[in-house]
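These notes concern the structure reproduced below.
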Amino acid sequence: MVHRWSGVESQWAGSAAGVMPFTGCDQHNEVALKKLTRAEVQLILFISLPAFVWNPFYRLILTSLNSIMSSLAQKPGRLRLSKNLLQMKFMQRAHEKIIQEDEEEEREALYGSEMTKRMREQGIKTRSEPSWLVVNSLHFGRVSFGGFNPEVEKEMEEEKQRRAKRTRELDSGKKMDTDVSDKDMTSFYLTMAKKFSKKRDRSTLTPGYSPQRKKPMLKPQTS
Amino acid sequence: MNFEPGEIVMPGDVLVDLDITPSESRFIIGPGLRREDNKILASKSGILQKKEPHIFWVNSKERRYVPVRGDAIIGIIIQKGADTYRVDIGASEPASLSVLAFEGATKKTKPILQIGDLVYARLLVANKDMEPELVCMDSAGRKRGLGPLEEGFLITLPLHTARRLLSSDWPLLHLLGREISYEAAVGLNGRVWIKGRTIKDTLAVATALETSSECRSESEMRCLVERILACRAGVAQED
């Protein structure tokens with residue numbers, strides 16, 4: 001990986017175009033990477049020039065750029081970011097993330113094959129939990145009564161509320177507190193879908209909806 | 001399953017042979033159980049317990065603490081180093097406690113602890129091959145009730161009694177708290193620190209906790225609490 005990087009960098013700099021120890025599909029990748037690096041630099045220049053002029057949004061832009069770049073680099077097909085870009089100060093977080101992912105990949109490649117089928121199966125079957133705290137759901141051991149230590153009593157009250165909340169969640173079978181309930185979300189998206197759908201699709205979205213038929217014209221009856 | 005919950009198991013008893021159990025069965029192995037190759041064995045003698053859906057453990061009576069990650073314990077400072085304290089936690093080996101592992105501690109403002117002081121700390125590392133490591137704050141750097149314990153009185157209980165004090169169905173601490181204003185720290189290593197407004201209060205709570213290890217049921221415990229509170233009231237009247 002590192003070799004490939006240095007290769008791209010040097011070629012981009014135009015110093016050693018001939019020194020590319022890669023063949024075949026690698027070279028194909030190289031072209032794509034070279035294009036990306038150039039595009040990246042242009043993008044950064046483009047964004048940072050007005051940013052220096054208008055300072056309040058500078059950080060914001062950098063943060064969003066950082067997240068875009070790191071998400072680019074995370075994709076399984078992997079567009080790689082250039083080394084120079086990653087060394088820039090505002091890319092440090094993305095850089096760390098990428099390094100970590102690379103290490104994980106390497107580890108998987110090294111030890112993944114050593115994991116036997118049996119280990120996998122039994123790993124699923126059993127899990128070790130050596131803590132009494134978890135098994136017996138014990139309370140925290142710092143207690144205070146009768147206003148002796150208000151700080152500790154506050155903690156106790158908080159723990160009590162947390163526990164009550166957890167049991168409530170377990171009882172109702174809900175995992176998380178949500179600001180918008182599932183029901184509201186569904187109805188919201190249904191109305192949105194209706195809003196943006198064509199008139200003739202509406203009958204499928206709303207059950208019981210039937211377009212009003214015009215009354216057939218009746219011949220005036222003469223008596 | 002060779003044993004049913006509620007039965008007595010001995011170390012080495014094979015509870016489950018994973019090779020012959022149906023593949024959809026799951027086990028969460030709690031304290032007192034151990035997995036060796038494809039068998040689940042008991043490693044302590046006691047009563048097998050089960051909690052739905054599939055948590056198994058052995059309830060045993062013990063006095064010797066074995067560190068477990070995440071446990072809150074009471075330690076005694078036995079040695080001061082430049083950047084760590086050595087702390088006796090009642091286990092086979094003393095634990096280390098970094099001077100920076102306190103709320104708001106920096107290199108310049110370190111906590112001042114002397115040899116013999118008590119700390120309520122949580123085990124961050126508890127591994128059979130490594131020295132246990134303590135911290136006095138949570139992952140966000142707040143103390144959350146951990147830290148040095150000043151004054152007060154320390155008693156040592158059997159481990160199962162200390163655990164029982166913290167379980168929801170043993171309201172001893174709360175019952176005492178209705179009458180007596182006190183604070184306490186219960187360590188899972190069996191050490192309990194108590195501090196009341198007067199020495200009599202402290203001793204009343206300490207006696208209640210120590211004697212409660214003999215109680216076999218909740219009604220016995222309630223009876224004990226009543227008698228101790230009555231005694232305390234009697235002593236208070238004599239003054």
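So that the names make sense, note that chain A is the first sequence line, chain B the second, and so on, each numbered from 1.
Ranked by heavy-atom pairs shorter than 4.5 Å toward chain A, the options B:V192, B:V68, B:I74, B:L146 are led by B:V68. Taking chain A as the reference chain and counting heavy-atom pairs below 4.5 Å, the highest number among B:A72, B:G196, B:A162, B:A126 is found for B:G196. Heavy-atom pairs under 4.5 Å with chain B were tallied for A:H139, A:R163, A:E159, A:E158; the largest tally goes to A:H139. Ranking B:G32, B:A184, B:G70, B:S167 against chain A, the residue ahead of the rest is B:A184, based on heavy-atom pairs under 4.5 Å. Interface summary for chain B: among A:E129, A:R142, A:E151, A:M156, the most heavy-atom pairs under 4.5 angstrom belong to A:R142.
Contact of B:V186 with chain A is made through backbone and side chain together, with heavy-atom distances under 4.5 Å. Contacts between B:H54 and chain A at a heavy-atom distance below 4.5 Å are absent for every atom of the residue. Contact of B:Y120 with chain A is made through the side chain alone, with heavy-atom distances under 4.5 Å. Looking at B:R197, both its backbone and its side chain come within 4.5 Å of chain A, counting heavy atoms on both sides. Using a 4.5 Å cut-off between heavy atoms, B:L165 does not touch chain A at all. In this structure, chain A has heavy atoms under 4.5 Å from both the backbone and the side chain of B:L173. Heavy-atom distances place the side chain of A:V152, and not its backbone, under 4.5 Å from chain B. Heavy atoms closer than 4.5 Å to chain A are found in the side chain of B:L188, but not in its backbone. Neither the backbone nor the side chain of B:K50 comes within contact range of chain A; no heavy atoms are under 4.5 Å apart. Of the atoms belonging to B:R142, not a single heavy atom falls under 4.5 Å from chain A.
Rounding to the nearest 0.5 angstrom, the gap separating the OG atom in B:S213 from the CG atom in B:L157 is 6.5 Å.
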